[in-house]
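Protein chains get the first letters and strands the later ones, always in sequence-line order, with residue 1 at the start of each.
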2 protein chains.
Amino acid sequence: MQLSELKQKFEQFLKQKGYKVTKSRLELIDKIASYGSHFEIEQLVVWVSNQDKGVASRSTIYRTVKLLQEFGAIREVIKLGNRTIYEFIAGKPHHEHLICVKCGKIIEFYREDIEEIQDKVCEEYKFTPLNHRLEIFGVCSECSYSVV
Amino acid sequence: MQLSELKQKFEQFLKQKGYKVTKSRLELIDKIASYGSHFEIEQLVVWVSNQDKGVASRSTIYRTVKLLQEFGAIREVIKLGNRTIYEFIAGKPHHEHLICVKCGKIIEFYREDIEEIQDKVCEEYKFTPLNHRLEIFGVCSECSYSVV
DNA sequence: CTAAATGCAAAAGTTTTGCATCGGC
DNA sequence: GCCGATGCAAAACTTTTGCATTTAG
């Protein structure tokens, strides 16, 4: 999906919910999109507040991240210790993550069979799935060469 | 595994690491074991400090939970919002979780094929897996009958 | 004009840490 | 006796919130 299209849809989402279309909200989508696919809120706060003009304050960033989750453009994908790593998913197909515990590298992968397993398990327990998250923690190939 | 056997192994673990076998550490295993399989640290702190004699302070509980994770008797299994839910796994076979976002119910399930998927994916990326966590968030059968 | 959004600072919640004291070994 | 463990209170982090002010519709 194009970024412009996403922003349009977000505007519709806001209007439909009775929220307001504000400069901060739209600019934050740009910032998040250009930040890279994975981010933590504190990084975003620092990065955004170092820009020419402050696009949004810390509270607005927290509030907007929540909104964007509700809208579906952002997802909490990795929970490691006390850190929460978000992902900008706009239009991206669903996928899971490998996380290198040494260097922090994140590798995305998709397996159709995980979706099938989810469906089977949920059917068995009469459970209505909303979303899932599979995190595989380990050591990536580069880090496994280092002795440390 | 018997609790007594687990405690013995934990003692060995402590000695081998050069840590000390203390009353708090051993009693905390009992407390955690009798708490039920899933717990949050704050619950544990409150519960433990309401007992006759204070088995351990908040800091000791935090430190001991870390130790028990290192030992492998405890695992962070669910990360939901800002909450961390731990599980006492001593001897239990590996499994995944369904989490009802309405009532908080936790259902455990095991699928051999998830392990196989992990192996295949990791091989493909030359990634050495240490552990994984699959969380399926949704609504359980009981909650799906309620309109709220 | 009205209600919602923002920024700030304060508060709340969770986890960690410095340090004096206590307790295994 | 020595060195690690514990308890306490303070600090560090992360996230949320109350309120005065600004801004979208």
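In the set dT14(C), dT6(C), dG25(D), the nucleotide with an atom closest to the side chain of T22(A) is dT6(C). For S59(A), counting side-chain heavy atoms from C-beta on, the closest listed nucleotide (dA9(C), dG25(D), dG7(D)) is dA9(C). Of the candidate nucleotides dT14(C), dA24(D), dT6(D), dA24(D) has the atom nearest to the side chain of K23(A). Candidate nucleotides dT15(D), dA5(C), dA24(D) were compared by shortest atom distance to the side chain of Y19(A), and dA5(C) ranks first. The nucleotide whose nearest atom lies closest to any side-chain atom of R25(A) is, among dG7(C), dT14(D), dT6(C), dT6(C). The side chain of S57(B) has dC8(D) as its nearest neighbour among dC8(D), dT15(D), dC25(C). When distances are taken from the side chain of K20(A) to each of dG7(D), dT14(C), dT23(D), the shortest belongs to dT23(D).
T60(A) comes within 4.0 angstrom of sugar-phosphate atoms only, judged by non-hydrogen atoms across all strands, and of no base. The residue K66(A) sits close only to the backbone: its heavy atoms come under 4.0 Å of sugar-phosphate atoms, none of a base. Base engagement by R63(B) is indicated by at least one non-hydrogen atom pair under 4.0 Å involving a base atom.
Between the CD atom of E27(B) and the C1' atom of dG7(D) there is a distance of 16 Å, given to the nearest Å. Here dT15(D) presents its C1' atom at 15 Å from CG of L44(A), a figure rounded to the nearest Å. Atom CG in L26(A) sits about 10 Å away from atom P in dT6(C), given to the nearest Å. Rounded to whole angstrom, the span from the CZ atom of R83(A) across to the P atom of dT16(C) amounts to 14 Å. Following rounding to the nearest Å, K79(A) (NZ) and dC13(D) (C1') show an atom-to-atom distance of 14 Å. At whole-Å resolution of the value, CG in L67(B) and P in dG4(D) are 14 Å apart. Atom CD in E42(B) sits about 6 Å away from atom P in dT14(C), given to the nearest Å. Straight-line distance from the CG atom of L14(B) to the C1' atom of dG23(C): 15 Å, rounded to whole Å.
At the phosphate of dT16(D), neither OP1 nor OP2 sits under 4.0 Å from any side-chain N or O atom of Y62(A). One finds no side-chain N or O of R58(B) lying less than 4.0 angstrom from the OP1 or OP2 phosphate oxygen of dC8(D).
The closest side-chain donor-acceptor pair between H97(B) and E135(B), if any, does not fall under 3.5 angstrom. For the residue pair S57(A) and T60(A), a side-chain donor N or O sits within less than 3.5 Å of a side-chain acceptor on the partner. Using modelled atom types and a 3.5 Å distance limit, the side chains of H95(A) and E87(A) yield a donor-acceptor pair. With 3.5 Å as the limit, one finds a donor-acceptor pair spanning the side chains of H94(A) and E96(A).
Aromatic ring pairs are classed by plane angle as parallel below 30°, tilted from 30° to 60° and perpendicular above 60°; the pair Y125(B) and F109(A) is tilted.
Residue-to-nucleotide proximity on DNA chain C shows that, of E40(B) and V21(B), the 5′-proximal contact is made by E40(B).
Residue K79(B) comes nearest to G81(A) through the heavy atom pair NZ-O, 2.6 Å, listed as atom of the first residue, atom of the second, then distance.
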